[in-house]
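The structure appears below as structure tokens.
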Amino acid sequence: MSDQSSHAPAAPEEKQTLPFWPHYMLSEFIAWYIVLGILVTLSALFPAGLEAKANAMATPPHVKPEWYFLAIYQFLKVAAIFSFLGSEAPRLMGIILPGIGMGLLFFLPFLDRTPKRSARKRPIMLAVLIAVLAVMAYLTYIGGQ
């Protein structure tokens, strides 16, 4: 009799695993209920203070938009110069003019079809770009004050 049976690979032992349902889900539910209980207890012991009622029609003076919207925010304030057109004209101009500018920026590659791509050979476009960037930087600076 040969000794082959002793060198035969052993059958892999099956790991004893627990089924996902209900063991894993039960432990998750218990953990979430403990966390929920802690949060409810903390909120009952340390309630949040009540602030003044918010007025949607009055913006507090300390509230300002993020830096990338400061130019538009300031332009809405500057648009009051269009009040000679009517009472609602400043608001409409404050919305319409930036919208037209964004539309022009979107369509600019389709409108500017010159074969020359160098900025030195396109002084008008370069001047317009510098003027727009300077105005936006100025409005951002003033809006941040």
Between Tyr73 and Phe69, is the gap from one ring center to the other below 6.0 Å?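 Between Tyr73 and Phe69, the centre distance exceeds or equals 6.0 Å.
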Members other than Leu129 in its cluster, when Ile, Leu, Val, Met, Phe, Trp, Tyr link by side-chain heavy atoms under 4.5 Å?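 Besides Leu129, the hydrophobic cluster comprises Leu133, listed by chain and residue number.
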Under the ring pair (Phe, Tyr, Trp, His ring centres under 6.0 Å) definition, can you give me all pairs with a residue in residues 77-130, not counting sequence neighbours?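 Applying ring pair (Phe, Tyr, Trp, His ring centres under 6.0 Å) to every pair that reaches into residues 77-130, excluding sequence neighbours, yields nothing.
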Looking only at heavy atoms, what is the nearest atom pair of [X] and [Y], with distance?
X      : Y      : value
Ala71  : Thr140 : CB-OG1, 3.4 Å
Ala80  : Pro90  : CA-CB, 3.9 Å
Leu139 : Gln74  : O-CB, 3.4 Å

Are Leu45 and Ile34 grouped together when hydrophobic residues (ILVMFWY) are joined by side-chain heavy atoms under 4.5 angstrom apart?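 Shared cluster, yes.
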When hydrophobic residues are tied together by side-chain contacts of less than 4.5 Å, even through go-betweens, does Val135 share a cluster with Ile142? no
Taking distance alone, no hydrogens or angles, what donor-acceptor pairs closer than 3.5 Å link side-chain atoms of residues 36-44 to residues at least two apart or in another chain?
residue, atom, partner, partner atom, Å
Thr41, OG1, Gly37, O, 2.7
Ser43, OG, Leu39, O, 3.2
Ser43, OG, Val40, O, 2.9

If we only count heavy atoms from C-beta on, is the Leu85 to Met93 side-chain gap below 4.5 Å? yes
Do other residues, nucleotides or ligands put more than 12 heavy atoms under 6.0 Å from the CZ atom of Phe20?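 Atom CZ in Phe20 is crowded, with more than 12 foreign heavy atoms closer than 6.0 Å.
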Which value, rounded to the nearest 0.5 Å, describes the distance between [X] atom [atom1] and [Y] atom [atom2]?
X     : Y     : atom1 : atom2 : answer
Leu97 : Leu92 : CG    : CG    : 10.0 Å
Ile72 : Lys77 : CD1   : NZ    : 13.5 Å
Leu18 : Leu26 : CG    : CG    : 11.5 Å

Dump the intermediate steps for side-chain contact (heavy atoms from CB on, under 4.5 Å) on Leu108 and Met125, then the final yes or no. CA-CA 10 Å; Leu108 188 60; Met125 292 300 286; 3.5 Å; yes
Counting N and O atoms only, with roles assigned by atom type, does the side chain of Lys64 sit under 3.5 Å from a partner on the main chain of Gly143, one being a donor and the other an acceptor?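 The answer is yes, because a donor-acceptor pair under 3.5 Å joins these two groups.
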